[in-house]
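Reminder, nothing fancy here: chain letters follow the sequence lines and each chain counts from 1. Computed from a predicted model, the values in this text were never measured in an experiment.
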Number of protein chains: 2
Amino acid sequence: MGRRSDHSRAELEGLILEEGHRLMAEVGFARFSAREVAKRIGYAVGTLYNVFGSYDLLLAAINTRTFELWAAHLEERLTSPSTDRIAALVQGYFSFAADNFNLWTAIYDHRLPADMAMPDTLAIRRGGLTDVVVREVAAILPHETHHQAPRLARSLIATVHGHCTFALNGSFLLLGETEPLELAIARVRESLSAAIA
Amino acid sequence: MGRRSDHSRAELEGLILEEGHRLMAEVGFARFSAREVAKRIGYAVGTLYNVFGSYDLLLAAINTRTFELWAAHLEERLTSPSTDRIAALVQGYFSFAADNFNLWTAIYDHRLPADMAMPDTLAIRRGGLTDVVVREVAAILPHETHHQAPRLARSLIATVHGHCTFALNGSFLLLGETEPLELAIARVRESLSAAIA
DNA sequence: ACCGGAATTGAACACTGATCAATTAAAATA
DNA sequence: TATTTTAATTGATCAGTGTTCAATTCCGGT
């Protein structure tokens with residue numbers, strides 16, 4: 001069939017993304033399939049390829065959406081009048097990953113082919129998550145050391161990410177660690193203290 | 001055909017593991033396949049399933065082998081008369097991951113089904129990597145705080161893991177970070193200093 | 001020479017990502 | 001309105017995957 005009047009190209013892209021995101025949350029990266037998304041929205045497989053160009057770009061778009069949900073989750077955690085905004089960030093990182101396990105792991109399960117760069121639009125949207133943390137770290141640092149905030153923030157995200165990964169993939173449990181969140185917060189506090197001193 | 005006199009069951013298991021490991025290093029987790037392993041060793045697919053029981057257990061065995069190579073790599077790095085054994089560990093963590101990218105990522109790409117636990121034998125062998133770090137951290141800590149070593153070591157591994165992940169998946173480069181190794185070492189030093197003080 | 005048991009096979013099944021000639025419908029033109 | 005042009009959509013087709021298991025093949029022991 002030809003053009004369908006009931007969906008503009010942009011609407012169709014949104015429809016695919018919405019359903020793709022839903023399926024990813026439901027079955028996870030390993031069982032995700034373009035065919036199943038197509039079936040659920042009533043289009044043929046080929047249409048998904050026409051709209052997104054490839055399986056990799058579809059996955060990249062879905063995961064970018066997850067990044068945005070994640071950043072929104074952090075911002076929401078920060079609206080509560082919490083004294084400790086840093087602890088709130090770390091907790092938010094963990095709780096999003098735990099509550100959206102399939103979506104969260106898909107971000108790191110998926111790798112673009114070596115010869116394909118992440119499209120700029122997607123990369124920028126993903127950066128929003130980092131921006132939140134940079135802003136909060138900058139607010140903690142003394143004014144004369146504000147310029148260190150981006151680098152330190154990236155490093156703290158990596159620290160928290162490592163702890164979150166091991167917490168959710170069972171590594172910590174296997175080693176007898178039962179409080180990975182506290183561990184992560186302790187490490188972040190140490191690094192912030194060192195930066196302030 | 002029936003039993004082949006040229007391979008005992010244990011030898012066959014080793015043969016599969018060896019070739020599987022080779023293929024994983026060559027093509028990575030996403031393009032790995034049991035069929036291809038079978039073809040390369042001159043057996044049929046079914047034989048791999050008879051020996052390992054399932055695709056997941058085959059992958060778990062291959063990744064466990066990678067853990068052992070990784071631990072050996074760390075030990076080797078420690079034999080050089082380096083003053084800074086902690087820096088050597090972090091560098092070893094990074095260099096193994098960088099030099100064996102496909103093998104390293106396969107460890108974290110693969111997840112056992114939720115209802116299947118990691119076989120004890122494999123879990124114990126994987127623990128060897130952690131043991132190396134625990135030993136080195138204990139050697140740094142004051143005698144009265146030796147008991148903190150396991151917990152701190154796990155946390156430092158998580159910290160380094162996060163930095164290594166972002167270094168190799170392009171996150172750091174995308175954010176303008178060019179020295180992730182130095183960043184990781186700095187974080188580890190801060191945490192060790194805090195533990196000693 | 002025979003047999004019972006164990007190892008090995010590979011066709012069969014239900015799925016996957018990817019492609020692209022053919023089809024269809026909407027838009028533009030006459 | 002009738003016709004052409006253009007763009008969206010299809011789905012059969014291809015080469016591949018994990019998984020199963022009846023059938024086959026071989027070996028050690030009688």
- Over all heavy atoms of both residues, which pair between B:Val27 and B:Asn102 is shortest? Give the atoms and the distance, please.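 Heavy atoms only, the tightest pair is C-ND2, 4.0 Å.
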- Task: Answer yes if A:Val134 and A:Val132 sit in the same cluster of Ile, Leu, Val, Met, Phe, Trp and Tyr residues linked by side chain heavy atoms under 4.5 Å apart, and no otherwise.
- Result: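 Not linked; separate clusters.
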Results of side-chain contact (heavy atoms from CB on, under 4.5 Å) for [X] - residues two or more places apart only:
X	value
A:Ala106	A:Met24, A:Phe29, A:Asn63
A:Ala97	A:Trp104, A:Cys164, A:Leu168
A:Glu13	A:Val51, A:Phe52
A:Thr145	A:Leu141, A:Pro142, A:Gln148

- Message: Tell me whether B:Asp99 at atom CG has more than 12 heavy atoms from other residues, nucleotides or ligands lying less than 6.0 Å away.
- Response: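 Yes.
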Got a list of side-chain donor-acceptor pairs under 3.5 Å for residues 14-22 of chain A, not counting sequence neighbours?
from    : atom 1 : to      : atom 2 : distance (Å)
A:Glu19 : OE1    : A:Arg22 : NE     : 3.4
A:Glu19 : OE1    : A:Arg22 : NH2    : 3.4
A:Glu19 : OE2    : A:Arg22 : NE     : 3.2
A:His21 : NE2    : A:Thr66 : OG1    : 2.9

- Apart from A:Leu57 itself, which Ile, Leu, Val, Met, Phe, Trp or Tyr residues share its cluster (side-chain heavy atoms under 4.5 Å, direct or through members)?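 Its cluster partners, ordered by chain and number, are A:Leu112, A:Met116, A:Met118, A:Leu122.
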- May I ask you to list the residues sharing a hydrophobic cluster with A:Ile124, side-chain cutoff 4.5 Å, ordered by chain and number?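 None, because no other hydrophobic side chain comes under 4.5 Å of this residue.
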- For the helix from C:dA1-D:dT30 to C:dA30-D:dT1, how many degrees between its two end axes (five pairs per end), to the nearest 10°?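 So the angle between the two local helix axes works out to 30°.
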Identify whether any heavy atom of [X] sits under 4.0 Å from a base atom; if not, whether one sits that close to sugar-phosphate; answer base, sugar-phosphate or nothing.
X	result
A:Leu48	nothing
A:Leu59	nothing
A:Tyr55	sugar-phosphate
A:Thr47	base

- Item | Listed nucleotide nearest any side-chain atom of A:Tyr49, set C:dG17, C:dT8, D:dT19 |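 Out of C:dG17, C:dT8, D:dT19, the nucleotide with an atom closest to A:Tyr49's side chain is C:dG17.
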- Message: According to ring pair (Phe, Tyr, Trp, His ring centres under 6.0 Å), does anything in residues 112-159 of chain B pair up with another residue at least two apart or in another chain? List the pairs.
- Response: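 Every pair satisfying ring pair (Phe, Tyr, Trp, His ring centres under 6.0 Å) with a residue in residues 112-159 of chain B: B:His143-B:His146.
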- Item | Pairs touching residues 178-197 of chain B that satisfy ring pair (Phe, Tyr, Trp, His ring centres under 6.0 Å), sequence neighbours left out |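 Qualifying pairs, neighbours excluded: none.
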Could you list all N or O pairs between the protein and nucleotides 11-13 of chain C that sit under 3.5 Å apart?
from   : atom 1 : to      : atom 2 : distance (Å)
C:dA12 : N6     : B:Arg35 : NH2    : 3.0

- Message: Here's a test of your reading of the structure: between A:Ser33 and A:Gly53, which maps to the more 5' nucleotide of DNA chain C?
- Response: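 It is A:Ser33, whose closest nucleotide lies nearer the 5' terminus.
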Length of the [atom1]-[atom2] vector between [X] and [N], whole Å:
X	N	atom1	atom2	result
B:Glu11	C:dA7	CD	P	14 Å
A:Lys39	C:dG17	NZ	C1'	15 Å
A:Phe29	C:dT16	CZ	P	14 Å
B:Tyr43	D:dT25	OH	C1'	13 Å
A:Asn50	C:dC20	CG	C1'	10 Å
B:Phe52	C:dT8	CZ	P	13 Å
B:Leu58	D:dT20	CG	P	14 Å

- Task: Enumerate the residues from residues 106-115 of chain B whose closest heavy atom to DNA chain D is under 4.0 Å, giving them by residue number; use none for an empty result.
- Result: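 The stretch gives none, as no residue of it lies under 4.0 Å from the strand.
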